[in-house]
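A short write-up of the structure that comes next.
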Amino acid sequence: MNLQQLEHFLVLVETRSFSRAAAKLHLTQPALSRSIQALEDTLGGRLLERDKGKTLTALGELAIVRARRIRVELAELRRSASLLADYAGGTLRLGLGPTPTAILSLPLLRDMKERYPAIKLLLSGGTPEMQVQELREGAVDALVVHRNHIPADPDLHLRFFPRTPLGFVVRAGHPLAGKNGLDFDALRRYAVAASGRAMSDEVMHRLNAYFGPPVHFIDAIQYQSNDIQALVDLVRTTDTVFFGVLRVAQPAIARGELVHVDVRPALELSSQFVFVTLEGKTLPPALLRLSELCMRYMSGADDPQPD
């Protein structure tokens, strides 16, 4: 067995076709078949059924998990040579959910530019399912996403950030700004903007219990988007009320452009985000440093400086 045979097996499983896998690997189909057969002979059993869908056997299911981990570790080993030498260079690739994008993008780019200019930092978004797949394939090194969007799979290592409060925010000068103990009757006079992913079942249940029947909070949400910064900009320039993670609005609150709305009784709602890597993966120092920066900014321990 060798690394090349494992890669051939991985590509075959990913493409579900000997012809497509052979083309992707720049091999002939007979050469690919011989490689898979040699791997099966070494392991002592069939890895997949030769049906149309190339169904994995029990041994194949076990082998694909180990092969994916070996692929990631090999890629990490190749990259670590440059990253280990005093952050000398290389590329870090971080996948972000919508709220982490709004909180982390600017401060991370600034911090890495100032402290580690030789390291490229690539930030990307996408659906949670796509991001987890990219992590497993080595297309990204880590993720920062909402904890509810990550499956409880044993190959994923989760580092939890402190819970971050949810609340209502309006522009400075808004009719609700500065008023204490507001209830839903006051809030419902204005359109609400919220991230679709902020509306978890738990949050909606608590909000509906707070506002009480027959009114449901979802009816007050007029604008939804996963572009959190666009929602904040809408609230900053109109009478729309923002509901979501307060850390998103903190820079504008610090500049006096936005105001946190006081409601009674207090909502006491929060979200929690996680830093996700592959279990057993050796993290280079630069990625560990990036993890610490994410922890600092997501927890609010060091608020980003306003423009």
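The basis for the numbers below is simple: all heavy atoms, side chains too, and nothing from hydrogens, waters or symmetry mates. This chain uses plain numbering: 1 for the first residue, then up along the sequence.
- Ion pair Arg171/Glu257 not flagged as a salt bridge, since none of the NZ, NE, NH1 or NH2 atoms sits closer than 4.0 Å to an Asp/Glu carboxylate oxygen.
- Under the 4.5 Å side-chain heavy-atom criterion for grouping Ile, Leu, Val, Met, Phe, Trp and Tyr, Leu278 is not connected to Met130 through any hydrophobic cluster.
- Put simply, CZ on Phe18 and CD on Gln29 are 8.5 Å apart, with the number rounded to the nearest 0.5 Å.
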Could you go through Leu182 and Asp262, starting from their C-alpha distance and side-chain angles, then the distance that decides it, and tell me whether this counts as side chain to side chain contact (heavy atoms under 4.5 Å, CB included)?
CA-CA 6 Å; Leu182 293 173; Asp262 177 50; over 6 Å; no

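- Looking only at side-chain heavy atoms (C-beta outward), Arg255 and Pro251 come within less than 4.5 Å of each other.
- In this structure a side-chain-to-backbone donor-acceptor pair under 3.5 Å is present from Glu40 to Leu47.
- Distance CD1/Ile228 to CD1/Ile103: 9.0 Å, rounded to 0.5 Å.
- Between Glu129 and Arg136 no salt bridge is recorded (no basic side-chain N to carboxylate O distance below 4.0 Å).
- Nearest heavy atom pair, residue Leu96 against residue Ser105, reads CD1-OG, 3.9 Å.
- Exactly one residue among Leu187, Val235, Val259 makes a side chain to side chain contact (heavy atoms under 4.5 Å, CB included) with Phe168. That residue is Leu187.
- With contacts defined as side-chain heavy-atom distances shorter than 4.5 Å, the pair Val241/Val169 does not qualify.
- Note that CG of Leu246 and NE2 of His260 are 4.5 Å apart. Values are rounded to the nearest 0.5 Å.
- Using a 4.5 Å cut-off on side-chain heavy atoms (C-beta onward), Val274 and His149 make no contact.
- Partner of Leu143 under the side chain to side chain contact (heavy atoms under 4.5 Å, CB included) criterion, chosen from Leu94, Leu135, Leu158: Leu135.
- Annotation: side chain of Gln222 is not in contact with side chain of Val192 (no heavy-atom distance under 4.5 Å).
- Distance alone, capped at 3.5 Å, places no donor-acceptor pair between the Asp155 side chain and the Glu279 backbone.
- Of the candidates His8, Gln4, Gln5, Glu7, Ser35 forms a side-chain hydrogen bond (donor to acceptor under 3.5 Å, both in side chains) with just one, namely His8.
- Ile70 and Phe9 end up in the same hydrophobic cluster when Ile, Leu, Val, Met, Phe, Trp and Tyr side chains are linked at under 4.5 Å.
- Residues Leu48 and Val13 have side chains not in contact (no heavy-atom distance under 4.5 Å, counting atoms from C-beta outward).
- In terms of heavy atoms, Arg46 sits closest to Thr57 at O-OG1, 2.6 Å.
- Looking at every heavy atom in both residues, Val140 comes nearest to Ser124 through CG1-OG, 3.9 Å.
- In this structure, OG1 in Thr127 is found 8.5 Å from CD in Glu134, a value given to the nearest 0.5 Å.
- Heavy atoms only, all atoms of each residue included: Ala249 and Leu258 are closest at CB-CD1, 3.9 Å.
- The aromatic rings of Phe275 and Phe161 sit perpendicular, their planes meeting at an angle over 60°, well past the 30° parallel limit.
- Using modelled atom types, one side-chain atom of Ser299 and one backbone atom of Arg296 make a donor-acceptor pair closer than 3.5 Å.
- Residues Thr99 and His146 have side chains not in contact (no heavy-atom distance under 4.5 Å, counting atoms from C-beta outward).
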Leu104 vs Leu123, test: side chain to side chain contact (heavy atoms under 4.5 Å, CB included). Steps then yes/no.
CA-CA 10 Å; Leu104 294 174; Leu123 306 179; over 6 Å; no

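- Remark: the backbone N or O of Ser270 is paired with a side-chain donor or acceptor of Arg163 at under 3.5 angstrom.
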Side chain to side chain contact (heavy atoms under 4.5 Å, CB included) for Phe242 and Val170? Distances and angles first, verdict last.
CA-CA 6 Å; Phe242 173 77; Val170 298; over 6 Å; no

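- Pairing each heavy atom of Leu32 with each of Ala22, the nearest pair is CD2-N, 3.7 Å.
- Residues Leu12 and Leu3 are members of one and the same hydrophobic cluster, defined by side-chain heavy-atom contacts under 4.5 angstrom among Ile, Leu, Val, Met, Phe, Trp and Tyr.
- Residues Thr91 and Ile119 fail the side-chain proximity criterion, which asks for heavy atoms closer than 4.5 Å.
- Of the N and O atoms on the side chains of Arg20 and Thr15, not one donor lies less than 3.5 Å from an acceptor on the other residue.
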Stepwise, does the salt bridge (charged side-chain N to carboxylate O under 4.0 Å, His left out) test hold for Arg66 with Glu61?
CA-CA 9 Å; Arg66 301 293 178 87; Glu61 294 284 359; over 6 Å; no

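- Proximity of a side-chain donor or acceptor of Thr101 to a complementary backbone N or O of Gly97 within less than 3.5 Å is detected.
- Grouping the Ile, Leu, Val, Met, Phe, Trp and Tyr side chains by contacts below 4.5 angstrom, directly or via other members, places Leu122 apart from Leu287.
- Under the 3.5 Å distance criterion, with hydrogens and angles disregarded, a donor-acceptor pair is assigned to the side chains of Ser17 and Ser19.
- The distance from atom CZ of Phe160 to atom CE of Met295, rounded to the nearest 0.5 Å, is 10.5 Å.
- Classification of Arg159 and Glu292 as a salt-bridged pair holds, one side-chain N sitting under 4.0 Å from a carboxylate O.
- Using a cutoff of 4.0 Å between basic side-chain nitrogens and carboxylate oxygens, Arg34 and Asp41 are not scored as salt-bridged.
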Go through the steps for Lys120 and Met112 under the test side chain to side chain contact (heavy atoms under 4.5 Å, CB included), then give the verdict.
CA-CA 8 Å; Lys120 292 183 180 180; Met112 295 299 289; over 6 Å; no

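- Atom NE2 of His174 sits about 4.0 Å away from atom CG of Asp239, to the nearest 0.5 Å.
- When all heavy atoms of Ser271 and Phe273 are compared, the pair lying nearest together is CB-CE1, 3.9 Å.
- A continuous path of ILVMFWY side-chain contacts below 4.5 Å connects Val248 to Leu109, so both sit in one hydrophobic cluster.
- Arg247 and Tyr297 are not linked by any side-chain donor-acceptor pair at a separation below 3.5 angstrom, with hydrogens and angles left out of the test.
- For the residue pair His157 / Thr277, no side-chain donor-acceptor distance below 3.5 Å is found, with atom types taken as modelled.
- In this structure, the side chains of Val132 and Ile150 come closer than 4.5 Å at one or more pairs of heavy atoms.
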